Amino acid sequence: MSAFRALLGRELQLAWRDGGALGTAFGFFLIVVTLFPLGIGPDLKLLGRIAPGSLWIALLLAALLSLGRMFARDAEDGSLEALVAGPLPLEALVTAKALAHWLTTGVPLALGAPVLGLLLNLDVGTMPILLATLLIGTPAISFIGAIGAALTLRARRGGLLIAVLILPLYVPTLLYGIMAIAAVVTPPGDAASSLTMLAAITLFTMVIGAFGAAAAIRYQLQ
């Protein structure tokens, strides 16, 4: 456990030291959200209705930008082989890296989403459920993304391949996140069941992501 905490601390320190990844992701998030009102027009009611889905989609796309660096940086300087040969199982290594990505990218984007939602005329009463769905669902983005990052570790254009490979896998998370918000916006609805399904999907992807990415890394290092 101490080795896992040390690795997680290392990943968090490296991520915060290299703040460009979060800055790029948040800048992209802001640009996409800003473009929606320009494309939709001055219909505030329409903007308010599409705001939750728009924020979810923008966050998914913004989080994709930093997934390619999850393992690539360690692979380039040779430290990935040293980490794989260390005391931690490879699945724990993947878990630490995915958690670090979520804490340094998913959580800041999720916390910023309600504020940016004001640009889309998001109802203030919708902000708590929006934030809850994002905090519950965004770990799935990191753990599914870990599989894509591992599969494209030695690919020349890994960023594009990651998007092609994993974007379809985000659909269940996106659907249940929006369904939970819709249950609150247009009652009667069962937001609790949607949040439960969203949490179950996240837990499932955390397990599948750890084992799937570990298997892909083993193959890449052969």
Side-chain angles (χ1 to χ4, degrees), residues 19-68 101-102 104-145 148 157 159-199 201-202 205:
L22 176 59
T24 302
F26 201 86
F28 181 85
F29 190 29
L30 176 60
I31 291 172
V32 173
V33 172
T34 304
L35 289 177
F36 270 104
L38 298 178
I40 298 299
D43 191 340
L44 295 180
K45 291 184 178 180
L46 177 60
L47 279 175
R49 287 198 301 270
I50 69 170
S54 302
L55 290 168
W56 254 104
I57 293 172
L59 188 146
L60 285 175
L61 296 176
L64 280 174
L65 296 178
S66 57
L67 285 175
H101 179 270
W102 175 63
T104 58
T105 302
V107 172
L109 290 177
L111 294 177
V115 179
L116 295 182
L118 297 174
L119 298 175
L120 300 177
N121 195 38
L122 180 68
D123 185 9
V124 176
T126 309
M127 290 184 180
I129 186 65
L130 171 66
L131 183 59
T133 60
L134 290 175
L135 290 176
I136 294 173
T138 45
I141 298 175
S142 298
F143 279 87
I144 295 175
R157 296 183 179 179
L160 179 59
L161 287 175
I162 290 175
V164 173
L165 288 172
I166 67 174
L167 272 178
L169 302 179
Y170 286 153
V171 172
T173 299
L174 176 64
L175 287 179
Y176 280 103
I178 295 176
M179 285 172 59
I181 299 170
V184 174
V185 174
T186 57
D190 191 1
S193 63
S194 296
L195 286 174
T196 302
M197 284 299 301
L198 184 62
I201 291 172
T202 295
T205 56

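What you see is a predicted model; the values in this text were computed from it and never measured.
- Listed here is the closest heavy atom pair of F36 and S54: CE2-OG, 3.7 Å.
- For T105 (side chain) and W102 (main-chain N/O), no donor-acceptor pair under 3.5 Å exists by modelled atom type.
- In this structure, the separation between CD1 on I144 and CG on L60 is 9.5 Å, given to the nearest 0.5 Å.
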Test M127 against L118 for side chain to side chain contact (heavy atoms under 4.5 Å, CB included), laying out the working first.
CA-CA 10 Å; M127 290 184 180; L118 297 174; 3.2 Å; yes
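- Interatomic distance, T202 OG1 to M197 CE, rounded to the nearest 0.5 Å: 10.5 Å.
- Annotation for A163 and P168: closest pair O-CD, 4.3 Å, computed over non-hydrogen atoms.
- Using a 4.5 Å cut-off on side-chain heavy atoms (C-beta onward), L167 and Y170 make contact.
- Side-chain contact between I31 and T34 is absent, with no heavy-atom pair separated by less than 4.5 Å.
- The CG atom of L174 sits 10.0 Å away from the CG atom of L198 when rounded to the nearest 0.5 Å.
- Considering all non-hydrogen atoms of both residues, G148 and I162 come closest at O-CG1, 3.6 Å.
- In terms of heavy-atom proximity, L120 sits nearest to A51 at CB-CB, 3.7 Å.
- Shortest non-hydrogen contact noted between L55 and F29 is O-CE1, 3.7 Å.
- In terms of heavy atoms, T205 sits closest to F143 at O-CB, 3.6 Å.
- Here the side chains of L116 and L30 are in contact, with some heavy-atom distance below 4.5 Å.
- Under the rule for a side chain to side chain donor-acceptor pair (under 3.5 Å), the partners of S193 that lie at least two apart in sequence or sit in another chain are D190.
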